[in-house]
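These notes concern the structure reproduced below.
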Amino acid sequence: MEKWWKRKVIYQIYPRSFCDSNGDGIGDIRGIISKLDYLKDLGVGALWLSPVYKSPNDDYGYDISDYKSINPEFGTLEDMDELIAQAKARDIRIIMDLVINHTSDEHGWFIKSRNREPGYEDYYIWRDGKGRKADGTFKRAPNNWSSFFTGSAWAFDETRGQYYLHLFSQKQPDLNYNNPAVYNEIKSVLEFWLERGVSGFRCDVINVIYKTSLANGKRHIALTGKEHYLSQEGCHKILNRLNEEVLSKYDAYTVGETVMVGLEEAKKLTAEERKELDTVFSFAHMETDQINNQWFKTKFKPDKFYNVLSKWQRELPWNTVYLENHDQPRSVSRFGDDKNYRMRSSAALMGLTLTLRGTPFIFEGQEIGMTNMPFTSLNQIKDISTHNVYAIAKKLHFPKKIIWKLVLASTRDNARTPMQWNDKKGAGFTTGEPWLMINPNYRIINVEKDLKSPGSVIVFTKKLIAFRDAHPDFVDAPFERIPSAKGVFCYRRGGFTVVVNLTAKKSKFRVPNGTIVLSNFARSAPGAVEPYEFTIVADK
Ligand code: TEU
Ligand code: CA
């Protein structure tokens with residue numbers, strides 16, 4: 001059967017920052033509905049919504065307190081039903097974020113579990129600490145694991161008198177997948193949304209859900225303990241069961257956010273015959289300029305980036321292609337040049353995303369080349385992980401200047417500033433006070449302006465999507481790398497050659513002969529590749 005998700009371009013919405021319909025400064029579902037025609041016109045075929053479920057917002061939606069209701073800040077279940085229906089009417093599918101490694105500590109299950117209510121005792125991963133003291137507390141946590149958000153992965157709960165495991169924030173306790181009741185709850189969550197008409201799930205940190213043992217881990221600067229939970233056999237089994245028992249009955253699409261996964265593991269997770277996930281988000285290319293799971297940004301080296309991309313392109317029969325999401329800095333500020341070549345390099349990065357082999361994902365704002373945010377103080381930043389990293393860096397006596405550089409380059413709020421719709425106060429995002437600062441460059445970088453300028457990123461994006469839709473080679477043909485020169489990426493897709501230059505230098509490599517069908521540079525004939533050029537040439 002033809003897989004519907006191979007031919008669609010998927011657009012990620014971070015609902016809090018997309019469009020605010022009622023002036024409270026927070027994006028919402030009615031706001032998304034109001035932009036469906038815009039999204040249709042852009043050419044996208046599906047939307048992935050970052051979590052819209054009820055949440056106390058410790059990690060802005062990734063801490064869920066009720067999987068079957070909508071965060072009142074975003075609207076109601078009826079609004080959600082309407083969004084699904086209105087999107088469907090435009091042939092746009094809805095993909096939900098599925099955060100099942102952990103819940104919020106305000107979820108009913110956790111409240112019952114901490115109170116040892118019968119049936120709920122083992123919903124989470126509870127353990128005594130080490131070295132009991134006279135007052136019943138402990139000297140140390142049950143093991144030495146560290147959290148993705150820095151610090152110990154254990155928190156002591158006074159009510160229960162035990163520690164619980166949290167791989168992310170203290171308000172995100174990990175569920176216990178050794179308990180069959182937990183599996184059944186999650187299964188019913190999937191069914192609930194599929195029955196309402198959603199078309200699939202982006203599965204948050206899905207390869208860490210199963211903990212094989214709770215033994216001490218090998219010391220590691222970022223993540224001590226990971227060998228006990230990364231991509232365990234137990235995780236593969238759960239994914240296979242969810243697929244067989246639920247997902248396959250709905251023709252649902254899944255993309256797993258798989259942290260620290262190599263090629264072999266990715267192949268296993270996505271092998272058709274294993275029936276686990278359809279695709280994964282690989283971090284490999286994103287880690288070419290990051291160390292330690294993103295907190296340290298290093299220099300961008302285009303050739304290293306191309307090599308990693310090529311390897312994944314060649315080895316996996318099909319996967320996703322993405323350069324941005326709500327956790328990552330803006331691609332133009334990172335892989336392009338947001339000062340001297342903003343439009344051209346944004347367009348080149350978009351071209352890359354839409355011509356490699358795989359299901360392309362675009363993140364809101366990427367289509368207008370939105371840039372990183374020039375934050376000037378820590379209290380402008382809402383992202384919990386930035387605050388944690390800042391505290392650790394301070395404790396380690398890093399120089400202030402270095403810490404701030406680190407924050408600016410890595411804060412997840414770079415991606416989360418409100419969508420820039422126009423140049424009016426509030427950027428067309430809100431009529432009120434935005435929950436997170438709007439990038440001051442909204443007066444120059446915004447949808448309204450871009451739609452009217454022929455050389456803009458959005459106009460180029462629309463052309464690229466239409467071109468991909470019209471030329472099945474960009475879906476069906478294999479990826480073949482062509483030897484080029486330093487800084488230039490060249491590959492074939494069927495009857496087409498693509499040339500991408502992610503440097504500010506003109507190259508000695510030449511755009512090949514053929515018909516130039518699409519270019520972000522005013523090119524009419526073959527010739528030396530220009531700075532940040534992206535060109536597609538059709539064979540004669
Ligand atoms: O992200 C998982 C993840 O690995 C990143 O959070 C990473 O640790 C982070 O960017 C710091 O390097 C997913 C979600 O995408 C993220 O928004 C959530 O905060 C996280 O899971 C917990 O649910
Ligand atoms: Ca609102």
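Because the structure is predicted, anything quoted here is derived from the model rather than measured. Each ligand, and each atom within it, is numbered from 1 in the order the structure gives.
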So, 4.0 Å and heavy atoms of M260: is ligand 1 close enough to count as a contact? no
Considering the heavy atoms of R416, write down every atom of ligand 1 situated less than 4.0 Å from one of them. 17 (O)
Heavy atoms only: which of V389, V259, N388 is nearest to atom 4 (O) of ligand 1? V259
Verify whether the ring centers belonging to W145 and Y229 lie closer than 6.0 Å. yes
Counting heavy atoms only, which part of Q290 comes closer than 4.0 Å to ligand 1: side chain, backbone, both or neither? neither
Please state which part of Q328 comes within less than 4.0 Å of ligand 1, counting heavy atoms only: side chain, backbone, both or neither. neither
Would you please indicate yes or no on a ring centroid separation below 6.0 angstrom for F18 and F429? no
Go through the side-chain N and O atoms of T298 and Q290 and say whether any donor and acceptor fall under 3.5 Å apart. no
Touching ligand 1 at all, H102? Heavy atoms, strictly under 4.0 Å? yes
When you check the side-chain N and O atoms of E367 and T461, is any donor under 3.5 Å from an acceptor? no
At under 4.0 Å between heavy atoms, what of R202 touches ligand 1? The answer is side chain
For W109, which of Y120, Y164, Y67 qualifies under ring pair (Phe, Tyr, Trp, His ring centres under 6.0 Å)? Y67
Working for ring-ring contact (aromatic ring centres under 6.0 Å, His included), residues Y322 and F363: CA-CA 8 Å; Y322 78 98; F363 180 64; over 10 Å; no
Y183 and Y177 aromatic centres sub-6.0 Å: no
Check residues 94-104 and write down every donor-acceptor pair under 3.5 Å in which the side-chain atom is one partner and the other belongs to a residue at least two apart or another chain.
from	atom 1	to	atom 2	distance (Å)
D97	OD1	R202	NH1	2.9
D97	OD2	W48	NE1	3.0
D97	OD2	Y62	OH	2.6
N101	OD1	K211	NZ	2.8
N101	ND2	D174	OD2	3.0
H102	NE2	Y62	O	3.3
T103	OG1	Y124	OH	2.7
S104	OG	E106	N	2.8

Mind checking whether Y60 has a heavy atom under 4.0 Å from ligand 1? no
Do K299 and D289 meet the salt-bridge criterion of a basic N to acidic O distance under 4.0 Å? no
Would you check if there is a donor-acceptor pair between the side chains of N388 and S385 at a distance under 3.5 Å? no
Considering Q172, R412, H326, which one's heavy-atom position lies nearest to atom 9 (C) of ligand 1? R412
Atoms of ligand 1 less than 4.0 Å from F149 heavy atoms? 19 (O)
For the Ca ion (ligand 2), report each protein N, O or S atom nearer than 3.0 Å, sorted by chain and then by residue number. D20 OD1, N22 OD1, D24 OD1, I26 O, D28 OD2
So, R241 and E276, do they make that salt bridge, N to O below 4.0 Å? no
